[in-house]
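In the text below, chain A, chain B and the rest are named by the order of the sequence lines, each starting its count at 1.
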There are 2 protein chains.
Amino acid sequence: MPQRGRPRGFDADEALERALEVFWRQGYEGASVTDLTAAMGINKPSLYAAFGGKEELFRKVVARYAEQDMEYARTAFAQPTAYEVVATLLRENVLAVTRPDRPAGCLSIQGGTACSTENAPVAGFLAASRLAGERALADRFVRAVAEGDLPADADPAALARFVMIVTEGHAIHAAAGVSREDLRQAAEIALAGFAAASGARLPEHATNPA
Amino acid sequence: MPQRGRPRGFDADEALERALEVFWRQGYEGASVTDLTAAMGINKPSLYAAFGGKEELFRKVVARYAEQDMEYARTAFAQPTAYEVVATLLRENVLAVTRPDRPAGCLSIQGGTACSTENAPVAGFLAASRLAGERALADRFVRAVAEGDLPADADPAALARFVMIVTEGHAIHAAAGVSREDLRQAAEIALAGFAAASGARLPEHATNPA
DNA sequence: TCGGATCAGTACCGATCGGTACAGAAATCG
DNA sequence: CGATTTCTGTACCGATCGGTACTGATCCGA
């Protein structure tokens, strides 16, 4: 169905992708509208017309990131045991924060942790996004307890928090240039901690990395 | 010994302290010179005269933070065993990132992880500062291996990296408002992971938190 | 008491910020 | 083919950025 008026001269989906990478690499405050429009291949008025503005663009970008780049988390949640959920999550996280075709680290952290008072809503929004992921993981552990996969005295919230803490540290390290292999080793140590602390049932082939 | 010329009308040490908190709360890019001078109680030309400029001020502030707020790390390193080093480090880190009289989190992370290309040296400087701390911890573990406190096949660098990853995650969580008690639980899980992965000799009173 | 040294405060600098106005271009509809 | 709609590009907006010039204030030394 043809739409009236001049057609856009750019692919909004592709432009959003380029914007995502700028925010990921430079953070919300470090990315200027000039940086964004240069990467997106459009002019400022087009950014405003198509995406609403800098902050709205950022929120769209974070939604896209959650939907696409965090797909591995949903895959991990589907594993049959808590141990395998965490093993998959941590290992895939290490891959995700060190992709050669993506900025290093994690947008939901580098997007903004400390901001000016004007931009505090942006940092708050990212923190809420991370917390949502943590709650989803805690919920998965609640189910593991209900299924007898984790012992009754396991603390789903604390375990989920620990796993998220490790993924955040992965992102900080990756953004600082630490290699995938170095992070992989740390992930295995974290998995050992999860196993020890949670009383999780281990798969038969699980090994102690140390 | 009296100095010639008009005496400064402010305490440079106290002003540096105030600047430290602004950078810690808002990050290097989120903190404007106006924010800084307002908190320091001085005018712009005084900031330039006394501290050199925004970036020089930041570097001074980070040095001060490493010397004073990271004192607990040096205390932890002096513990007799690797296990106690890590136990002290993680527990004190939880206290440090949730102090009621300080911003939440850690300046060496919130100061800047992702920046504009102009400010990349600032993020690099912080990353180097964190890496220095990690190397110091790895060196302590090398000594633990040499003393027989850690087994010969323990990997000091990987273990140090894991511990630093956890402290970074602590800072991100704390900055997002997570409570000291919640972080304490996660720290104990991390400690369990360290114990499991490192083959460290445990103190007699060590307990499994789960 | 005056000169010299150093500091504080006000005004100002050029550059860039996030954002918008407006004219012209490119499309569809009747 | 003209009207309408939608988009692009250029120029521009007020505000704030990091930083400096300059004048007057406040000290010490001779």
Between A:Phe23 and A:Tyr28, how do the two ring planes meet: parallel, tilted or perpendicular, split at 30° and 60°?
parallel
When you check every protein heavy atom under 4.0 Å of nucleotides 11-23 of chain C, what one-letter string (B, S, -) results, 5' to 3'?
------SBBBB--
Length of the [atom1]-[atom2] vector between [X] and [N], whole Å:
| X | N | atom1 | atom2 | value |
| --- | --- | --- | --- | --- |
| B:Gln3 | C:dG4 | CD | P | 19 Å |
| B:Phe51 | C:dA8 | CZ | P | 10 Å |
| B:Asn43 | D:dA21 | CG | C1' | 15 Å |

Does a side-chain N or O from B:Ser46 land closer than 4.0 Å to OP1 or OP2 of C:dC7, or not?
no
Between the CD atom in B:Glu118 and the CD atom in B:Glu55, the distance rounded to the nearest 0.5 Å is 11.5 Å
How long is the span from the CG atom in A:Leu191 to the CZ atom in A:Arg91, to the nearest 0.5 Å?
5.5 Å
Taking NZ, NE, NH1 and NH2 as the nitrogens, is one of them in A:Arg102 or A:Glu17 under 4.0 Å from a carboxylate oxygen of the other?
yes
Hey, are A:Arg64 and A:Glu67 close enough for a salt bridge, meaning a charged N less than 4.0 Å from a carboxylate O?
no
Whichever of B:Ile42 and B:Arg4 has the more 5' nearest nucleotide on DNA chain C, that residue is B:Arg4
For DNA chain D, which residues of residues 6-26 of chain B approach it to below 4.0 angstrom with any heavy atom?
B:Arg6, B:Pro7
B:Tyr72 ring center within less than 6.0 Å of B:Phe77 ring center:
no
For the residue pair A:Glu134 / B:His173, report whether a side-chain donor-acceptor contact shorter than 3.5 Å exists.
yes
Once side chain to side chain donor-acceptor pair (under 3.5 Å) is applied, what residue pairs with a partner in residues 42-54 of chain B remain, sequence neighbours excluded?
none
